[in-house]
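Below, read A as the first sequence line, B as the second, and so on, with proteins coming before strands; counting in each chain starts at 1.
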2 protein chains.
Amino acid sequence: MDWQQAWDQLGQRGYRKTQQRMIVVKEVFAGGCLQGAEEILSRCREKDGGISMPTVYRTLDMLVDAGLVRRVNLGLGRTWFEPGGPDDDHHHHLVCEQCGKREKIALCPLGIVENEAKRSGFKVRELHFEAVGLCRSCAAKERKK
Amino acid sequence: MDWQQAWDQLGQRGYRKTQQRMIVVKEVFAGGCLQGAEEILSRCREKDGGISMPTVYRTLDMLVDAGLVRRVNLGLGRTWFEPGGPDDDHHHHLVCEQCGKREKIALCPLGIVENEAKRSGFKVRELHFEAVGLCRSCAAKERKK
DNA sequence: TTGTAAATGAAAATCATTTACAAGTAGGTG
DNA sequence: CACCTACTTGTAAATGATTTTCATTTACAA
Ligand SMILES: [Zn+2]
Ligand SMILES: [Zn+2]
Ligand SMILES: [Zn+2]
Ligand SMILES: [Zn+2]
């Protein structure tokens, strides 16, 4: 999915098509995995100039509601965003807490968890599955200390 | 492990044995899965009276550092604590976002993740693996709306 | 008992995120 | 096109969990 398809989807949901929203949508879809709100804001400002943090968050909220962007929580005190719906292309991460280096985890336990949850009548809405650690080079530096 | 063993461990690590710390350690070990800092504070106050939030957080930090308590992140904007080290008795959760009902998940993907991480030289320090959703009764209420 | 480094609590600071609200705008209607 | 009105915006302030600051108190080794 490219930004224009996402943009159309928002229109179909009745959201007004404003300049600011378009910029945010473009930037989020131009970026990759795990983008921070602050980072999205500054990228939008490089292109446009006038855009505010509340608008970034509001637009991200609607993108998440529309199932076009995923919200990812790494337990590091802030939220990350990435293009893609909850089903489509969904994946998990391995992140270096020192340098931020990141890679995707191939495995996804969602199916197993849903099965286990179903037994007690639980309906899973969000699966947090993220690993934080040290990449090879940061682990090496750590050892030298 | 009971609170007195944990208490001894802290002593062996060179921490001073203060009244306040003892109360926090007792309460955390008296509680079960997923205790919030606010809840721990108020339970401590019922027993003692004079204890402050910073002290609760500071004591929890040292318990986590000492590997006696786990910090759990459910992606709900706050942190939960539970007695037990990272290896010993470690488990994951299924939590109802409406009523807070919780249960343990039998499955733990840590081994698989570590294996996958090892291939790229990553060392896993924290594995966040938590499912948030709706329990049977809250899902039923939700449907009526 | 004393000295001193560590620990405490009150209050203030952080920091990501959200809200309030006055001013601006998209998009439909006539 | 002109107008209306509900929806959006940005600024500034609020939030809420957690952390820091700092003056005061305390544990504990000598
Ligand atoms: Zn990703
Ligand atoms: Zn690294
Ligand atoms: Zn638990
Ligand atoms: Zn429930």
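Remark: C1' of C:dT18 and CE of A:M62 are 16 Å apart, rounded to the nearest angstrom. As a whole-Å value, the separation of B:R78 CZ from C:dC15 P is 22 Å. Taking atom CG on B:N73 and atom C1' on D:dA17, their separation rounds to 13 Å, with Å as the unit. Atom P of nucleotide D:dT8 and atom CZ of A:R13 are separated by 13 Å, given to the nearest angstrom. In this structure, B:L76 places its CG atom 14 Å from P of C:dT17, rounding to the nearest Å.
Hydrophobic clustering, defined by side-chain heavy atoms of Ile, Leu, Val, Met, Phe, Trp and Tyr closer than 4.5 Å, groups A:I112 together with A:L94, A:I105, A:L107, A:L110, A:V113, A:F122, A:V124, A:L127, A:F129, B:L94, B:I105, B:L107, B:L110, B:I112, B:V113, B:F122, B:V124, B:L127, B:F129.
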Sequence neighbours left out, cut at 3.5 Å: what donor-acceptor pairs do the side chains of residues 2-17 of chain A make with other protein atoms?
residue	atom	partner	partner atom	Å
A:D2	OD1	A:Q4	N	3.4
A:D2	OD1	A:Q5	N	3.1
A:Q5	OE1	A:D2	N	3.0

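Annotation: salt bridge (Lys or Arg N to Asp or Glu O under 4.0 Å) contacts involving residues 83-100 of chain B, sequence neighbours excluded, comprise A:R125-B:E97. Identified under the ring-ring contact (aromatic ring centres under 6.0 Å, His included) test for residues 17-75 of chain B, with sequence neighbours left out: none.
Under the side chain to side chain donor-acceptor pair (under 3.5 Å) criterion, A:E103 pairs with B:S120, not counting sequence neighbours. Partners of B:H92 according to the side chain to side chain donor-acceptor pair (under 3.5 Å) rule, which considers only residues two or more places apart in sequence or in another chain, are B:H90. For A:K47, the side chain to side chain donor-acceptor pair (under 3.5 Å) partners at least two apart in sequence or on another chain are A:E27. Judged as a side chain to side chain donor-acceptor pair (under 3.5 Å), and not counting sequence neighbours, A:Q20 has no contacts. Residues forming a salt bridge (Lys or Arg N to Asp or Glu O under 4.0 Å) with B:D61 (at least two apart in sequence, or on another chain): B:R71.
Using a distance-only test at 3.5 Å, with no hydrogens or angles considered, a donor-acceptor pair links the side chain of A:H128 to the main chain of B:L74.
Only at 4.0 angstrom or more do the heavy atoms of residues 31-41 of chain B sit from any atom of DNA chain C, so none qualifies.
Under 4.0 angstrom from either OP1 or OP2 of D:dT18 there lies at least one side-chain N or O belonging to B:T79. Taking side-chain N and O atoms only, B:S52 has no distance below 4.0 Å to OP1 or OP2 of C:dA10.
A heavy-atom distance below 4.5 Å is found between the side chains of A:V95 and A:L34.
For DNA chain D, each stem of at least three Watson-Crick or G-U pairs (distances under 3.5 Å) is given as range with range: C:1-30 with D:1-30.
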Nucleotide by nucleotide, nucleotides 19-30 of chain C touches protein heavy atoms under 4.0 Å in the pattern (B base, S sugar-phosphate only, - none) BB----BBS---
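Taking the side chain of A:Y57 as heavy atoms from C-beta on, and the options D:dT19, C:dT18, D:dG10, the nearest nucleotide is C:dT18.
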